[in-house]
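For reference, the structure is listed below as structure tokens.
Only heavy atoms go into these numbers, but all of them, side chains included; no hydrogens, no water, no symmetry mates.
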Amino acid sequence: MTRRLRLPWLEPDPLAPFPPTWSALPDPNGLLAAGGDLHPERLLNAYRRGIFPWYSEGEPILWWCPGPRAVFDTADYRPASRFLRSLRSSGWTVSADTDFDAVVAHCATTPRPGQDGTWIVDEMRHAYGVLHRLGHAHSIEVRAGDTLIGGLYGLSIGRMFYGESMFSLRSGGSKAALAALGLRLCEWEFPLIDCQVENPHLRSLGARLMPLTGFLGEVRRLTALPGRPGPWTMDFGLLDAATLAASMRSRAAI
């Protein structure tokens with residue numbers, strides 16, 4: 001027998017409040033509400049409260065606040081030495097906000113082991129594209145020459161970064177994007193990257209679990225601080241792989 005879930009249904013007004021995060025279901029972990037839309041104000045309001053949308057084609061929009069939360073600490077992110085050696089000789093470059101739509105498209109269409117289909121439906125792609133043009137959503141691109149071979153995208157509010165998805169077309173492409181993002185965010189005093197729900201791949205990259213109450217407290221604090229709205233292309237710069245690997249290696253020596 002299928003269990004019927006009784007969820008609060010969001011009002012049409014994009015400024016309407018969300019239910020309190022403590023009311024999220026324990027099973028499935030963090031399911032909080034349904035309905036509404038992906039209006040920019042509603043999305044920003046959600047992320048400021050540690051809430052995010054996640055649903056599949058044919059479903060209503062579902063809103064989540066799972067706990068404990070998977071996060072990366074930007075000051076402590078140190079890729080494995082073996083990866084840094086391969087990165088140093090790769091010849092790759094890493095940039096920010098030079099091809100947001102292509103990064104999101106690859107995240108939506110790149111096959112993943114054990115995953116059938118994508119949650120990055122057309123409605124989501126459009127909504128985050130709007131947030132990108134408003135200066136809130138950002139992409140990190142990894143290229144071999146002129147070819148895009150890896151990347152990630154996410155949302156920035158204040159000094160909090162919320163990772164959404166990443167992809168690799170060559171081994172290590174997403175790791176290089178994450179390493180470059182972590183390096184820059186640490187320099188900019190963004191201490192956390194929210195990666196939402198833990199999985200074996202994120203654990204292998206160094207993600208840790210943070211109790212939800214502590215995470216939500218950090219979200220309140222960090223989103224209230226001055227951030228970096230607008231395109232990140234110039235401030236991020238063009239990082240070559242050898243420089244990135246050397247910076248990561250010097251961290252590991254501290």
Side-chain angles (χ1 to χ4, degrees), residues 2-67 69-70 97 100-101 103-105 107-109 115-139 152-165 193-197 212-213 215-231:
T2 301
R3 181 164 60 95
R4 291 183 177 272
L5 300 177
R6 293 186 177 182
L7 290 175
W9 199 266
L10 298 183
E11 297 177 13
D13 181 1
L15 297 179
F18 283 88
T21 53
W22 56 258
S23 66
L25 296 176
D27 182 22
N29 179 17
L31 183 55
L32 179 69
D37 57 23
L38 299 180
H39 187 282
E41 290 297 336
R42 195 189 302 269
L43 283 169
L44 293 172
N45 185 35
Y47 280 93
R48 288 188 185 101
R49 287 158 177 78
I51 301 165
F52 58 88
W54 186 24
Y55 63 102
S56 299
E57 193 74 51
E59 294 180 339
I61 299 172
L62 300 176
W63 300 89
W64 302 77
C65 186
R69 203 61 161 255
D97 288 341
F100 182 87
D101 291 340
V103 169
V104 175
C107 287
T109 59
Q115 180 175 311
D116 182 19
T118 180
W119 57 269
I120 309 175
V121 297
D122 289 346
E123 186 179 23
M124 293 278 275
R125 289 167 69 166
H126 172 75
Y128 286 85
V130 172
L131 287 175
H132 173 64
R133 291 187 287 276
L134 291 173
H136 299 294
H138 304 281
S139 61
L152 62 81
Y153 78 97
L155 191 67
S156 171
I157 303 175
R159 293 187 192 166
M160 184 71 202
F161 190 88
Y162 306 85
E164 284 296 308
S165 187
I193 299 173
D194 174 28
C195 43
Q196 300 175 347
V197 180
L212 184 59
T213 53
F215 172 79
L216 295 178
E218 281 296 271
V219 166
R220 286 191 295 272
R221 181 180 73 87
L222 294 170
T223 57
L225 295 175
R228 289 178 174 264

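Residues L38 and A127 approach most closely at CB-CB, 3.6 Å, considering heavy atoms. Closest approach of S56 to V121, counting heavy atoms only: C-CG1, 4.3 Å. Contact between H132 and D97 at its shortest, heavy atoms only, is CE1-OD1, 3.5 Å. Taking all atoms of both residues into account, the shortest heavy-atom contact from V130 to P40 is CG1-CG, 3.7 Å. Annotation for S23 and L32: closest pair OG-CD1, 3.6 Å, computed over non-hydrogen atoms. Considering all non-hydrogen atoms of both residues, I193 and G163 come closest at CG2-N, 4.2 Å.
Contact of the L131 side chain with the L44 side chain is registered, since non-hydrogen atoms from C-beta on lie closer than 4.5 Å. Under the 4.5 Å side-chain criterion, counting only non-hydrogen atoms from C-beta, R49 is not in contact with C65. Contact check for L25 versus L7: side-chain heavy atoms found under the 4.5 Å cut-off. Residues I51 and T21 form a side-chain contact, since some pair of their non-hydrogen atoms from C-beta on lies under 4.5 Å apart. A heavy-atom distance below 4.5 Å is not found between the side chains of L43 and H136. Within the 4.5 Å cutoff, the side chain of P8 has no heavy atoms near those of the L10 side chain.
Counting only distance, with no hydrogens or angles, the side chain of W63 and the backbone of G35 share a donor-acceptor pair below 3.5 Å. Not a single donor-acceptor pair under 3.5 Å links the side chain of W54 to the backbone N or O of W64. Under a 3.5 Å cut-off, the side chain of R125 and the backbone N or O of A108 do not form any donor-acceptor pair.
Ring geometry for Y162 against Y47 counts as perpendicular: the plane angle is over 60°, on a 0 to 90° scale with 30° as the lower cut.
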Report task. Under the side-chain contact (heavy atoms from CB on, under 4.5 Å) rule, what do R159 and R228 come out as? Steps first, then yes or no, please. Result -> CA-CA 8 Å; R159 293 187 192 166; R228 289 178 174 264; over 6 Å; no
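Annotation: the span from M124 atom CE to D122 atom CG amounts to 11.5 Å, rounded to 0.5 Å. Annotation: the span from F52 atom CZ to L62 atom CG amounts to 11.0 Å, rounded to 0.5 Å. In this structure, H138 NE2 and E164 CD are separated by 12.5 Å, a value rounded to the nearest 0.5 Å. The distance from the CZ atom of R48 to the CE atom of M160 is 13.5 Å, given to the nearest 0.5 Å. The line from CG of L222 to CZ of F161 is 13.5 Å long, rounded to the nearest 0.5 Å.
For residues 31-41, the side chain to side chain donor-acceptor pair (under 3.5 Å) pairs, not counting sequence neighbours, are D37-R42.
Heavy-atom neighbours of E11 CD from other residues, nucleotides or ligands within 6.0 Å: at or below the threshold of 12.
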